[in-house]
Amino acid sequence: MADADGDGEFGVDRILADIHGLVAQNTGGEVADYIPELSKMDPTPFGIAVTTVGGAVHGIGDTQAPFTIQSTSKAFTYCMALEAIGRAKVLERVGVEPSGDPFNAIEFDPVTRRPYNPMVNAGAITVAGILRDVHGDAAFDEVLARLSAAAGRRLVLDEAVYRSEAATGHRNRAIGHLLVSVGALAEPMEPALDLYFRQCSISVTARDLATMAATIANMGDQPVTGREVFDIAAVRDTQAVMFTCGMYDYSGNWAYDVGVPAKSGVGGGIMGVVNRQLGIGTFSPRLDRKGNSVRGVESFRLLSAELGLHAFDLTNPGSAFVDSFFAGAGRS
Ligand code: GLU
């Protein structure tokens, strides 16, 4: 492939083009249909974008096609809750244990009587409750502003998807009632649910996801604008939960095969964080049975192998970073 970004860097663009070409042939999976508006999505767009912590953006395919962020928003709202009320108070309300069950399971941890983790709906709705407690009616504006700061552009709400989910989200309402019954969520629960439906309906692109992920990879500082968006301690905790719980009940396989903290959404997006190095965003709407984008998973698997991105891979330049850091320390 030619130099897509016109920046003279052929290596990564060539790898992205090869992976895109290969994975585009896979037409497996189905577009999500349990939110009526999502079932109308065009299943064909496919984009892969990468943003480095130095602020370089590379992409191939439909990297500017809009889709709703859905569950990928959960990583950011969790980060915001940690910042707002502190780790200890958040842990009192939401755990950090993988559930092994589907994202929309109507359940809580029977031992703690709290949601298992913030990446499943029960946990994310509780996190929305925390943000409502802190910000009141301004909570959605706060979320939108923060996600926009991470993307480096003003994001907007997809009204049609929001209305569709708000009108039909009975399962999430059932989760809300369960949370109220165990004291994890305060009454009235409707404002927390509304915030949750809205945060899921923010419109993004693969390029946005890559840059938002790069903001996390860059310890909370947006790599293009240079703005400090998230607190470094909250970013660390968020990545840990993404690593163990971010890919629905496929999280174990993902950690084993791909090895990067990630979060997917039923809108077809996946965001991956290569700590201190890269953010990766993919978009392709057809999902597998666990709710992850089929082409997204395949793209990440190939990218991780090709670039040596697995957290525990010897080829991961992260280890080179630590190596040089300690070597430098030794010399002084
Ligand atoms: N808004 C969706 C729901 O709560 C998000 C699901 C997802 O992306 O996992 O059902």
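Atoms considered below: every heavy atom in the structure, side chains included; atoms not considered: hydrogens, waters and symmetry mates.
- Around CG of Asp42, the count of heavy atoms belonging to other residues, nucleotides or ligands within 6.0 Å exceeds 12.
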(message) Show, in sequence, the C-alpha distance, side-chain angles and deciding distance for Gln199 and Ser73, and conclude whether the side-chain hydrogen bond (donor to acceptor under 3.5 Å, both in side chains) test is met.
(response) CA-CA 6 Å; Gln199 74 179 59; Ser73 63; 3.1 Å; yes
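- Other residues, nucleotides and ligands contribute more than 12 heavy atoms inside 6.0 Å of the CD atom of Glu159.
- Rounding to the nearest 0.5 Å places OG of Ser304 at 5.0 Å from CG of Leu309.
- Residues Phe197 and Tyr162 keep their aromatic ring centres 6.0 Å or farther apart.
- A salt bridge between Arg227 and Asp221 is absent, with no side-chain N of the basic residue lying under 4.0 Å from a carboxylate O of the acidic one.
- Residue pairs satisfying the salt bridge (charged side-chain N to carboxylate O under 4.0 Å, His left out) criterion with at least one member in residues 107-127, sequence neighbours excluded, are absent.
- In summary, Arg146 and Glu83 engage in a salt bridge, as defined by a charged side-chain N under 4.0 Å from a carboxylate O.
- Geometrically, Lys263 engages Tyr248 in a cation-pi contact, judged by NZ or CZ lying under 6.0 Å from the ring centre and within 45° of the ring axis.
- The side-chain heavy atoms of Met271 and Ile280, taken from C-beta on, include no pair separated by under 4.5 Å.
- Glu142 meets the side chain to side chain donor-acceptor pair (under 3.5 Å) test with no other residue; sequence neighbours excluded.
- Phe300 and Leu209 are assigned to two separate hydrophobic clusters, defined by single-linkage of ILVMFWY side chains at heavy-atom distances under 4.5 Å.
- Partner Arg153 forms a side chain to side chain contact (heavy atoms under 4.5 Å, CB included) with one of Thr211, Val224, Asp208 and no other, that one being Asp208.
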(request) Take Gln239 and Asn275 through the side-chain hydrogen bond (donor to acceptor under 3.5 Å, both in side chains) test and state the conclusion after the steps. (result) CA-CA 9 Å; Gln239 283 196 72; Asn275 199 28; 3.0 Å; yes
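- Ion pairing of Glu298 with Arg301 is present here, as a side-chain N (NZ or NE/NH1/NH2) and a carboxylate O approach within less than 4.0 Å.
- Of all non-hydrogen atoms in Val50 and Leu16, the two that sit nearest each other are CG2-CD2, 3.9 Å.
- Using the six-membered ring where Trp is involved, Tyr250 and Trp254 have ring planes that are perpendicular, over 60° apart on the 30 and 60° scheme.
- Asp133 has a carboxylate O that lies under 4.0 Å from a charged side-chain N of Arg93, or vice versa, which qualifies the two as a salt bridge.
- Remark: Glu190 CD is packed, more than 12 non-hydrogen atoms of other residues, nucleotides or ligands lying under 6.0 Å away.
- Pairing each heavy atom of Thr282 with each of Phe67, the nearest pair is O-CZ, 4.4 Å.
- No donor-acceptor distance shorter than 3.5 angstrom exists from the side chain of Ser39 to the backbone of Asp33, with no hydrogens or angles considered.
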Less than 3.5 Å apart, which donor and acceptor atoms pair up between the side chains of residues 178-188 and the rest of the protein, not counting sequence neighbours?
from   : atom 1 : to     : atom 2 : distance (Å)
Ser181 : OG     : Leu178 : O      : 2.7

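- Contact between Pro66 and Ser203 at its shortest, heavy atoms only, is CB-OG, 3.6 Å.
- Using a cutoff of 4.0 Å between basic side-chain nitrogens and carboxylate oxygens, Asp137 and Arg132 are scored as salt-bridged.
- Ile202 is not listed as a side-chain neighbour of Asp158, based on a closest heavy-atom distance of 4.5 Å or more.
- The aromatic rings of Tyr34 and Phe103 lie tilted to each other, with the angle between the two planes from 30° to 60°.
- Closest heavy-atom contact between Phe243 and Pro261: CD1-N, 3.5 Å.
- Under the 4.5 Å side-chain criterion, counting only non-hydrogen atoms from C-beta, Lys74 is not in contact with Pro118.
- Here the closest heavy-atom approach between residue Ala214 and residue Thr51 is recorded as CB-O, 3.5 Å.
- In this structure a side-chain-to-backbone donor-acceptor pair under 3.5 Å is present from Ser299 to Arg295.
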